[in-house]
Amino acid sequence: MARSMSAGFRAAEAIDLSRKLENGIPTYPTHPKFFKMCWCAMGDPARMNQFVLSEHTGTHIDAPSHFMPAGSPGADSIDALPLDRFMGPAIKMTFGPFAASNVRVGAKEIRDWEQANVAIEAGDIVLIDFRWGHRWGIGEAGQSFLDSWPGVSRDAAEYLAERRVKLVGTDCISLDPGDGGGGALAAHYTLLPQGILIMENACNLERLDVISYVMALPLRLGDATGSPVRAVGWNIKRRHGAPESG
């Protein structure tokens with residue numbers, strides 16, 4: 001079985017869904033910035049760098065503890081989550097492109113997408129391509145990435161929770177829109193307390209088929225509310241009735 005699994009992955013293209021971490025990348029306005037500094041250790045011939053970063057830097061996953069009070073039931077930190085929470089069959093939905101106007105995709109749009117494509121199943125990873133990733137840039141070139149980005153509405157988050165997905169990802173800086181959904185941050189407050197993880201700042205989603213297999217493994221950071229991930233997707237044989245791409 002192990003050999004057949006290995007052969008299956010070798011036959012599929014590995015698609016990097018992770019942003020490169022470098023100085024000047026976009027960060028959520030209230031979050032710490034990313035810094036890479038050359039570390040010159042006197043007398044040590046090895047080359048090395050020092051990194052200063054937030055748990056929520058670049059392509060990253062939010063753990064439930066990110067939006068739950070410390071010590072409350074289910075407020076798991078990233079290191080407390082089993083590895084199978086970060087991998088599995090994935091559905092990619094595409095919406096937009098949108099103007100910078102804090103658009104909220106709702107439950108109706110998701111149900112309409114399912115009707116036209118494929119139904120969400122329990123345990124799926126759902127990736128939402130808002131066609132926003134082309135705005136990513138370094139320094140001033142990335143400012144439009146942070147301007148009134150789209151996200152999901154409260155009823156969309158509630159619907160995804162009802163479908164019992166394990167993770168919801170986006171190509172935007174946050175799964176909630178740029179105005180926080182009127183400041184309510186409903187996607188975070190709906191999904192994370194139910195143990196549904198959130199991945200943000202994914203890239204190359206346009207290269208994924210509607211059905212793929214995704215791994216997004218975090219660093220094993222003790223008592224952390226999230227972690228940068230190296231997310232990878234593989235296009236796999238489609239489910240019955242599902243289109244190959246779109």
Side-chain angles (χ1 to χ4, degrees), residues 1-21 34 51 53-93 120-129 157 160-171 174-175 187-188 190-205 207-239:
M1 181 177 179
R3 290 184 182 277
S4 64
M5 289 177 61
S6 178
F9 278 108
R10 286 199 307 270
E13 177 189 11
I15 300 170
D16 197 339
L17 307 179
S18 308
R19 292 289 182 183
K20 181 166 68 171
L21 299 183
F34 172 86
F51 295 91
L53 68 162
S54 163
E55 306 153 305
H56 305 274
T57 295
T59 307
H60 66 275
I61 283 181
D62 295 348
S65 60
H66 186 37
F67 268 70
M68 297 180 67
S72 59
D76 293 324
S77 58
I78 201 76
D79 60 303
L81 297 168
L83 290 176
D84 62 6
R85 299 281 294 281
F86 307 105
M87 61 185 76
I91 287 180
K92 181 201 70 176
M93 301 178 176
I120 299 169
E121 295 182 1
D124 277 345
I125 291 170
V126 173
L127 303 177
I128 304 178
D129 182 3
L160 292 170
E162 289 172 6
R163 302 294 288 172
R164 294 185 292 128
V165 303
K166 69 166 63 174
L167 184 153
V168 182
T170 174
D171 60 336
S174 173
L175 187 60
H188 283 77
T190 298
L191 298 174
L192 293 177
Q194 298 193 55
I196 299 169
L197 308 182
I198 294 174
M199 181 167 69
E200 295 162 331
N201 294 330
C203 63
N204 294 326
L205 295 182
R207 294 175 58 189
L208 286 180
D209 287 346
V210 167
I211 301 296
S212 65
Y213 190 91
V214 166
M215 294 185 186
L217 297 177
L219 299 173
R220 196 175 184 185
L221 301 172
D223 198 28
T225 68
S227 171
V229 296
R230 189 63 182 265
V232 181
W234 291 266
N235 292 330
I236 59 175
K237 185 177 180 181
R238 61 190 176 96
R239 290 177 184 160

Residue pair M199 / V229, side-chain heavy-atom distance below 4.5 Å: yes

K166 vs I196 side-chain heavy atoms within contact, under 4.5 Å: no

Please round to the nearest 0.5 Å and tell me the distance separating atom CE of M215 and atom CD1 of I125. 9.5 Å

Considering all heavy atoms, the nearest D16-A231 contact: OD1-O, 3.5 Å

Do you know the tightest heavy-atom contact between Q194 and A161? NE2-CB, 3.6 Å

Relative to the ring of Y213, is the ring of W234 parallel (under 30°), tilted (30 to 60°) or perpendicular (over 60°)? tilted

So does P69 get a backbone contact from the side chain of S72, meaning a donor-acceptor N/O pair under 3.5 Å? yes

Minimum side-chain heavy-atom gap R207-E13 below 4.5 Å: yes

Euclidean distance, L197 CG relative to L175 CG, rounded to 0.5 Å: 12.0 Å

Side chain of T59, backbone of N201: donor and acceptor closer than 3.5 Å? yes

Within this structure, what is the CG-NZ distance for the pair L17 and K92, rounded to the nearest 0.5 Å? 10.5 Å

Pairwise salt bridge (Lys or Arg N to Asp or Glu O under 4.0 Å) hits with a residue in residues 56-76, at least two apart: none

Between atom OG of S18 and atom CZ of R230, what is the distance when rounded to the nearest 0.5 Å? 5.5 Å

Identify the heavy atoms of L191 and A157 that sit nearest to each other, and give their distance. CD2-O, 3.5 Å

Could you walk me through whether L127 and I91 pass side chain to side chain contact (heavy atoms under 4.5 Å, CB included), step by step? CA-CA 6 Å; L127 303 177; I91 287 180; over 6 Å; no

Scan H60, H56, H188, E55 and name whichever one has a side chain to side chain donor-acceptor pair (under 3.5 Å) with H66. H56

With heavy-atom distances below 4.5 Å as the criterion, would you say the side chains of L167 and I61 are in contact? yes

So CG of L205 and CD1 of I15: to nearest 0.5 Å the spacing works out to 9.5 Å

Contacts table for residues 78-89: side-chain donor-acceptor under 3.5 angstrom, sequence neighbours left out:
from: D79; atom 1: OD1; to: S77; atom 2: OG; distance (Å): 2.6
from: D79; atom 1: OD1; to: D223; atom 2: N; distance (Å): 3.0
from: R85; atom 1: NH2; to: G195; atom 2: O; distance (Å): 2.3

Roughly how far, to the nearest 0.5 Å, is the CZ atom of F67 from the CD1 atom of I198? 7.5 Å

Sidechain-backbone polar pair: D209 side chain, N235 backbone, donor-acceptor under 3.5 Å: no

